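This report concerns only the one structure given below.
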Protein chains: 2
Amino acid sequence: MSTHVKHLPADERRAVTVEAVVELAGSQNPSEITTAAIAKHMNLTQGALFRHFPTKDAIWQAVMEWVAERLLARIDCAAQGIESPLAAMQAIFMSHIEFVAEHPGVPRMMFGELQRAEQTAPKRIVQTLIQRYGERLHRLIEEGKACGELSAALDTEAAATLFIGTIQGLVMQSLLAGNVEHIRHDAPRVFAIYQRGIGSAQ
Amino acid sequence: MSTHVKHLPADERRAVTVEAVVELAGSQNPSEITTAAIAKHMNLTQGALFRHFPTKDAIWQAVMEWVAERLLARIDCAAQGIESPLAAMQAIFMSHIEFVAEHPGVPRMMFGELQRAEQTAPKRIVQTLIQRYGERLHRLIEEGKACGELSAALDTEAAATLFIGTIQGLVMQSLLAGNVEHIRHDAPRVFAIYQRGIGSAQ
DNA sequence: TAAAAGATAGTAATTAGTTACTATCTTAAC
DNA sequence: GTTAAGATAGTAACTAATTACTATCTTTTA
């Protein structure tokens with residue numbers, strides 16, 4: 001039927017708003033997304049947004065909470081039940097890439113928030129997200145070194161930094177090409193080099 | 001002496017403007033840099049800027065030309081006279097990192113321009129810059145494979161993408177820590193892993 | 001169970017503040 | 001003393017946020 005829904009419950013409206021922002025960030029600079037643009041994208045008047053969010057920054061906060069929740073859930077799910085630390089890292093990598101391919105705006109929003117000079121709520125959420133992500137990587141890398149899968153001489157911190165960088169490099173490449181689909185194709189090839197860099201055997 | 005200079009020749013004023021933008025980008029989101037902020041940072045009135053640039057986008061164009069010119073010159077200079085392709089790559093990497101440490105706004109501006117939806121002049125300059133950068137990497141990687149320094153089975157494109165990503169990862173880390181100085185310390189450690197990933201021997 | 005009353009969600013218009021850009025007057029330098 | 005460079009004081013368009021009012025659900029009560 002799809003009755004022309006206009007009145008949505010507050011929590012649903014907030015969810016729709018977050019989705020709208022994530023979608024818009026996929027095709028433009030996040031810091032240039034206006035409340036008018038958000039409202040238009042979800043067929044709502046601009047003022048109505050402020051029935052559900054006190055400020056624009058509160059919208060960004062909700063968006064980054066959405067990102068943090070989903071991304072961590074994804075990578076945790078991907079790694080679950082995998083014995084080998086290296087295989088778990090690969091699974092995390094691929095699920096992260098899949099997430100980015102589905103939502104190309106995500107890395108842009110995260111980078112944008114980190115760039116902010118002031119310490120805002122959404123920025124803090126991103127910092128916490130990456131910190132938690134790093135903890136998981138550290139744990140896996142140490143496990144990998146312990147079980148002999150990874151080089152015993154490996155610099156754990158550097159390896160975690162490069163893991164994130166590997167993804168950032170792919171994002172950069174997709175921005176250059178103007179094509180997000182390629183990222184799925186390139187990801188395994190780039191990870192192969194990373195794996196060789198951290199692995200114990202040639 | 002440093003006499004209180006107010007009236008500058010047009011070309012000098014343009015150069016000072018570019019420097020002001022580069023500096024500002026080191027401490028805030030590039031897309032939030034206003035013409036008023038640029039003018040204030042160089043002790044000038046906002047309107048006076050438009051004596052030297054027809055539009056704000058023309059300022060960005062000049063800035064990205066400055067970046068492209070300096071960065072390419074730096075890495076070319078760094079690689080000059082180095083026989084070994086792998087050593088040349090390392091020299092390029094370190095000089096790029098040094099450039100970023102001196103001008104933390106540079107990677108932010110480049111990422112910001114690439115994010116633009118429309119095809120603007122400054123965006124095109126960045127695309128050309130990265131393309132040329134990629135060409136140099138491709139050449140070195142192929143040379144490295146030919147002379148046996150790099151793994152013969154290496155995926156050249158993936159290796160170039162990861163090279164850029166390695167730098168991006170370090171930039172991300174410096175944004176997180178809010179400290180650009182660490183990047184000089186972390187860079188060799190991260191490059192060591194990259195080198196192991198592309199090298200021929202263990 | 002039907003109507004009244006209240007709560008919730010949305011509209012349209014308006015606000016103060018900001019932005020890039022411009023017109024006009026003033027000053028400094030060769 | 002002419003002219004390039006800067007100051008001053010605008011403009012129109014846009015931005016986040018607010019307001020008075022309206023539509024639509026939900027609950028209470030006779």
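Below, all heavy atoms of this structure are taken into account, side chains as well, without hydrogens, waters or symmetry copies. Chain identifiers are assigned alphabetically (A, B, ...) following the order of the sequence lines, protein sequences preceding nucleic acid strands; residue numbering begins at 1 within each chain. Please read these numbers as outputs of a predicted model, since none were measured by experiment.
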Notebook entry, point to check: Want to know the stems of DNA chain C: at least 3 consecutive Watson-Crick or G-U pairs with distances under 3.5 Å, which are they?
Noted result: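 For DNA chain C the paired stretches long enough to count as stems (3 pairs minimum) are C:1-30 with D:1-30.
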Decide, yes or no, whether a salt bridge links [X] with [Y] under the criterion of side-chain N to carboxylate O below 4.0 Å.
{"X": "B:R14", "Y": "B:D11", "answer": "no"}
{"X": "B:E113", "Y": "B:R116", "answer": "yes"}
{"X": "B:E102", "Y": "B:R74", "answer": "yes"}

Next item on the list: Examine distances only and state if a side-chain atom of A:K56 and a backbone atom of A:T35 form a donor-acceptor pair shorter than 3.5 Å.
Entry: no
Notebook entry, point to check: Is the backbone N or O of A:E149 less than 3.5 Å from a side-chain atom of A:S200, with the two atoms forming a donor-acceptor pair by type?
Noted result: yes
Note to self: Under the rule for side-chain hydrogen bond (donor to acceptor under 3.5 Å, both in side chains), what residues qualify as partners of A:E142, not counting sequence neighbours?
What the structure shows: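 Listed in chain order: A:T156.
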Note to self: Just so I know, are the side chains of B:H103 and B:V67 near enough to count as touching, which here means a heavy-atom distance under 4.5 Å?
What the structure shows: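 Side chain of B:H103 against side chain of B:V67, heavy atoms only: no contact under 4.5 Å found.
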Notebook entry, point to check: Does any non-hydrogen side-chain atom of A:R108 lie less than 4.5 Å from one of A:V171?
Noted result: no
Item checked: Nucleotide nearest A:K56 when distance is taken to its side chain, options C:dA9, D:dG6, D:dA17 -> D:dA17
Checklist line | side-chain N/O A:R13 vs C:dG10 OP1/OP2, d < 4.0 Å | finding: yes
Next item on the list: Check each residue of residues 32-49 of chain A for a non-hydrogen atom within less than 4.0 Å of any atom in DNA chain C, then write out the ones that pass by number, or none.
Entry: A:L44, A:T45, A:A48
Atom-pair distance ([atom1] on [X]; [atom2] on [N]), nearest Å:
{"X": "A:F50", "N": "C:dT14", "atom1": "CZ", "atom2": "P", "answer": "19 Å"}
{"X": "A:R51", "N": "C:dT11", "atom1": "CZ", "atom2": "P", "answer": "11 Å"}
{"X": "B:H7", "N": "D:dT2", "atom1": "NE2", "atom2": "C1'", "answer": "14 Å"}
{"X": "B:L8", "N": "C:dA29", "atom1": "CG", "atom2": "C1'", "answer": "12 Å"}
{"X": "A:I59", "N": "D:dA17", "atom1": "CD1", "atom2": "P", "answer": "8 Å"}
{"X": "A:F53", "N": "D:dT18", "atom1": "CZ", "atom2": "P", "answer": "15 Å"}

Checklist line | Parallel, tilted or perpendicular: ring planes of B:Y194 versus B:F163, cut at 30 and 60 degrees | finding: perpendicular
